[in-house]
Amino acid sequence: MPLNNSNAAILSDLNEPQKQAVTHRDGALLVVAGPGSGKTRVITRRAAYLVQTGVPARSILAITFTNKAAEEMRHRIEALGVSRGMWVYTFHALGVRLLREFGSLAHLQSGFSIYDEADSLRVVKEAMQIEGVSEAVLKPDAIRTRISHAKNRLLTPQECTEQADWFEQATVARVYEAYAQLLHTRNAVDFDDLLMRVAVVLRDHADITERLNIRFRYVLIDEYQDTNHAQYLIAHLLSKHHGNICATGDPDQSIYAWRGADIRNILEFERDYPNAVVVRLEQNYRSTGQILRAASQLIQRNRQRKNKKLWTAADAGEPVRMWEFSEGSDEAKRIADTIAELRGDRRRYSDFAIFYRVNAVSRGMEEALRNRGIPYKIARGVEFYNRKEIRDTLAYLRVLANPADEVALLRIINTPARGIGKTTVDRLRTHANETRKSLLETLRAAETAPGLRGAAVKRAHAFGELLGQMQTVLDTPISEAVSSVLSLSGLEEALRKERDVGGEDRLANVEELVTAAMRYERENEEASMAEFLNHISLVSDQDAVDENAGCVLLMTLHAAKGLEFPIVFLVGLEQGLLPHERSLGLSGDVEEERRLCFVGITRARERLYLSRAQERLIRGRPMPRPASQFIRELDTGDLIWKNYQTTSTRGFAGSTIDGFVPLVEDLPPEEAAKLTPKRRLRSGSLRATAGDGSGIGDEDALFAGRARSSEAAAGGSSSTGANWKPGTLIQHDRYGVGQVLWVRPGGGQTRAGIRFAGHGEKTLILELAPIRRLERGKQ
DNA sequence: AGCAAGATGCTTTTT
DNA sequence: GCATCTTGCT
C-alpha cells in the first residue's frame with residue numbers, strides 16, 4: 001500500500017525495527033521492547049497505521065494492565081487523528097465489560113459486586129469458619145493467595161480437590177469451594193474471577209469467541225511478560241480465528257511472577273505462534289550510556305531471558321554513583337541534600353525520583369525531605385478509595401445495587417453506630433444461615449430470629465426500613481444518589497460530629513466522591529450505579545501517579561515500571577532488601593529481584609545514584625545490612641564509589657580516624673590487614689575517583705568481607721551450623737566481640753542470635769555477616 | 001454496647 | 001513501626 005502523507009508522518013521518525021513493527025499487517029507479531037526503546041510509540045503508531053490503511057477503529061482491541069496505561073494510549077492514539085471507537089481496556093475492565101454481556105453464562109446476575117482483596121479476605125475467613133479450618137493452621141491471606149493462583153490457572157474448586165495430594169492442598173481446595181459458593185450467593189466476583197470467568201466463557205462457547213473475533217480483527221496486548229495463564233488464554237482466544245495478535249513486552253521487566261504472571265507466555269510466544277514475526281527494539285532513547293551499561297551487565301546474569309543487546313546513540317554521560325552509608329538515616333539525609341543542591345542547578349523537583357524495594361523505607365526518606373523543605377509525593381498506600389469513610393459510603397451503595405452483597409452489608413450494619421452490636425449480628429447471621437435466607441431478608445424479619453430481644457429487633461427493623469427507603473435513590477443520577485445516601489445513612493452527620501483531627505478531611509473526602517460520581521455520570525450518561533461501583537473497584541493508586549506534580553516522587557520499584565525520570569535514586573541496595581529476603585529462600589526467585597533492580601535502573605535518564613546503608617531500622621530495630629549482590633553484578637568498573645561513614649550515631653567497635661570508620665569489607669582481607677586505618681580511608685577515597693576500571697575497584701572487593709566470613713562460617717567443613725555452637729566467641733567487623741546465643745539453620749541460611757558487648761543481642765545470618773570465629777587464646 | 005489497652009503479626013502488589 | 005484484632009473492663 002502506497003504511503004500517503006499522514007502515513008509518512010506516522011513512520012517518519014521511527015527506526016527500522018520500529019517501522020517493521022508498525023507496518024506489520026496480518027499474523028502474530030511479538031515486539032520485544034527493551035526499556036526506553038519507544039514501545040508505547042510503536043503501539044500507538046501501529047494502531048494509527050492500521051486505521052489509516054483501512055481497518056476500522058472499532059475492529060481494534062488494545063489491552064493494557066493499568067488504567068493509566070490505557071488512558072495514555074487512548075489519548076496518544078486520538079492525538080494521531082484516529083477516530084474514537086477503538087477499545088482500549090485493562091484486562092480487568094475488559095472482563096467487566098464482557099461479563100456484563102455474557103455474565104449469565106458465568107452464573108452472574110446484573111449488578112454484581114467486585115470484591116477487592118480486603119473484601120475477598122473477609123469471605124475467605126468466612127469460608128474457613130464454615131469448613132472448620134483454624135486460622136492458626138493456615139493463614140487466611142495465604143489461602144486467599146493460593147485460591148487466587150488457582151483461579152489464574154483456571155482451576156475450579158473441583159479440579160483443585162482432585163489434584164490435591166496432601167492434606168494442606170485438600171484443605172485449601174475445600175476452603176476454595178466454600179469461598180466460591182459464598183461469592184456466588186453474594187452475586188460477587190473477585191479480581192481473579194474477572195479474568196477466569198471470561199477465559200472460561202471464551203473457552204467453552206465457541207460461538208461467542210467467534211463473534212468477538214469478527215468484532216475485533218486486531219488484538220494488541222501490552223506488557224505481555226506480565227500476563228498470567230487466564231490472560232494468556234483470553235488474548236489467545238480473542239485472536240484465535242484471525243491470528244492477528246500483537247504482543248509487546250520485555251521478559252527482563254517481568255516483575256509479577258509472585259502474583260501469577262508467567263514469564264513463559266512471552267518466552268514461548270514463538271512456539272505458540274510458529275509464524276510469528278519477532279521484532280526486537282534494542283535502541284534505547286532514554287538513558288545515558290553509563291546507565292545502560294550497568295543495567296545491561298546486571299540483567300545478563302539472568303538465565304530466563306531472551307537475549308537482547310541494548311544500545312544507545314547517546315553519550316556515556318555521568319558515571320553511576322554508588323554511595324555507602326553507616327545508617328539509613330544518613331542515606332536519606334544525603335539524598336535530600338543532593339536534591340536541594342542539584343535543584344539550584346536548573347533542576348525541578350519533578351526531575352527526581354526515589355525508588356525502594358519496600359514501602360517501609362519511605363518513612364525515613366520522607367522525614368529527611370520534610371526536614372529539608374523539599375516537596376514530595378508518595379505513589380502508594382492510603383489510596384483514596386481505601387479510606388474508611390469512602391469504603392463505608394461505597395458499602396451503602398453496594399448494598400443498594402446488589403442486596404446480596406453481605407460483605408458490604410456487614411460493614412454498614414452498625415456504621416454509623418445504631419445499636420446493632422456483635423451479638424445481634426451473630427444471631428441474625430446464624431438465623432439467616434439456618435433459614436437459607438439472605439441477611440437482608442432476615443434483618444427485615446428479625447423477630448423470627450431466636451434470642452433477639454425487643455430492642456434489638458426494633459433496631460434491626462429500623463435499619464431494614466432505612467435501606468428500603470434508600471432504594472429509591474437509585475432512580476436518581478449517580479452523584480445525587482451518593483449525596484442522598486450520605487445524608488440518609490447518617491454518615492455525613494457522624495463525620496460532621498467528629499471534632500477530632502481529620503474529621504474535616506473525611507468530610508471533604510466523601511464530597512470528593514460525589515465529585516467523582518458527577519464526573520463519571522457526565523462521561524457515561526447511561527451508566528447504572530452498579531457500573532459506577534465496578535468502575536471504582538478497578539481504579540488503583542497506581543493510576544494516581546503524576547509525574548509532573550512538581551514534587552519529588554517516592555515509590556516502590558514495582559510502581560516505577562513504565563515511568564522515567566532525569567535523576568533517579570535507588571536506595572537500600574542491601575542483601576535481604578534487594579534482593580528481598582523472601583526471594584532468597586529455597587523457592588525464591590532472585591532473577592525476578594534482579595529484573596526489579598533492572599527496571600529501577602532503566603528509569604533513569606541522566607543520572608543514577610545507588611545507595612546502601614550498613615545498618616537500617618527494620619521494624620523499629622537497627623539491623624546490620626550486608627551489601628546487595630547486585631552491586632557487584634552491575635559494577636562495570638565505572639561506578640563512582642563514596643563512603644559516607646559517620647561515627648555520630650553509636651560507637652563502632654573499629655577504630656575511628658577523622659570521623660570515618662574503615663570499611664574493612666571494601667578491600668580483600670590480605671590488603672585490609674596490611675593497611676593502617678588512615679590508609680584504608682585514603683584507599684576508600686582513591687576508589688571514589690578510580691573510574692577507569694584499573695582494578696582498584698576490583699569487582700569482588702566489596703564482598704571480600706562477606707566471602708571471608710562465609711569461609712569462616714563453613715569452618716572448613718560443609719555443615720554451616722556445626723562450628724557455631726552457642727557459646728562460641730566471635731569478632732564482628734563493627735560490633736566487636738560477641739557470643740553466640742543460639743543457631744537456627746534454614747533456607748540455605750543460618751541465623752544466629754549473638755550478644756555483643758554494648759550493642760545487645762542481634763540476629764545475624766552467618767553466611768552474610770562480617771564475622772569470624774575467635775580462636776582460643778587469640779585476641 | 002462501646003471503648004481502650006494489650007497482643008499479635010506483618011511488612012513486594014498492575015487489578 | 002504500624003495496623004488490625006482480641007480481650008477485658010465499664
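Atom CD1 of A:I618 and atom C1' of C:dG1 are 11 Å apart (whole Å). In this structure, A:H92 atom NE2 and B:dT13 atom C1' are separated by 12 Å, rounded to whole Å. For A:D190 and B:dT14, the CG to C1' distance is 16 Å, given to the nearest whole Å. A straight line from CD of A:E117 to C1' of B:dT12 spans 12 Å, rounded to a whole angstrom. One can place CG of A:L617 at 22 Å from P of B:dC10, the figure rounded to the nearest angstrom. Rounded to a whole Å, the CZ atom of A:R122 is 11 Å from the P atom of C:dT4. Across the protein-nucleic acid pair, A:D226 atom CG and B:dT12 atom C1' stand 13 Å apart, rounded to whole Å. Following rounding to the nearest Å, A:K139 (NZ) and C:dT4 (P) show an atom-to-atom distance of 18 Å.
Close to B:dT14, at under 4.0 Å from its OP1 or OP2, lies no side-chain N or O of A:T64. Of the side-chain N and O atoms in A:K422, none sit less than 4.0 angstrom from OP1 or OP2 of B:dG2. Contact between the side-chain N/O atoms of A:N359 and the OP1/OP2 oxygens of B:dT13 is found at a separation under 4.0 Å. Taking side-chain N and O atoms only, A:T424 has a distance below 4.0 Å to OP1 or OP2 of B:dA1. A sub-4.0 Å separation between OP1 or OP2 of B:dT14 and a side-chain N or O of A:N228 is absent.
The pair A:D190-A:K151 meets the salt-bridge criterion, since a charged nitrogen lies less than 4.0 angstrom from a carboxylate oxygen. Salt-bridge annotation for A:D252 and A:R305: present, with a side-chain N of the basic residue lying under 4.0 Å from a carboxylate O of the acidic one. A salt bridge is absent between A:R616 and A:E327; no separation between the charged side-chain nitrogens and carboxylate oxygens falls under 4.0 Å.
Both A:G419 and A:D141 sit near DNA chain B, but only A:G419 has its closest nucleotide nearer the 5' end. Summary of the strand contacts: A:A456 and A:W258 both lie near DNA chain B, and taking for each the nucleotide with the nearest heavy atom, the more 5' one is attributed to A:A456.
Residue A:D192 is out of contact with every strand shown, counting any heavy-atom pair closer than 4.0 Å. Contacts of A:A417 with the nucleic acid, taken as non-hydrogen atoms under 4.0 Å apart, involve only primed sugar atoms and P, OP1 or OP2. Using a 4.0 Å heavy-atom distance criterion, A:E223 is classed as making no nucleic acid contact.
Ring-base stacking between A:Y256 and B:dT14 is satisfied, the centre separation being under 5.5 Å and the plane angle under 30°.
For the salt bridge (Lys or Arg N to Asp or Glu O under 4.0 Å) with A:D119, the lone residue among A:R144, A:R186, A:R398, A:K125 that qualifies is A:R398.
For A:H558 against B:dT12, a side-chain-to-base donor-acceptor contact under 3.5 Å is present.
When distances run from any side-chain atom of A:R363 to the nucleotides B:dT13, C:dC2, B:dG2, the shortest one goes to C:dC2. When each of B:dT13, C:dG1, B:dT14 is scored by its nearest atom to the side-chain atoms of A:T66, the top-ranked nucleotide is B:dT14.
The ring of A:H558 has its center closer than 6.0 angstrom to the ring center of A:Y256.
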Exercise for the section: Evaluate salt bridge (Lys or Arg N to Asp or Glu O under 4.0 Å) for A:D222 paired with A:K39, printing each intermediate quantity in order. Expected result: CA-CA 9 Å; A:D222 195 17; A:K39 182 187 64 167; 3.2 Å; yes
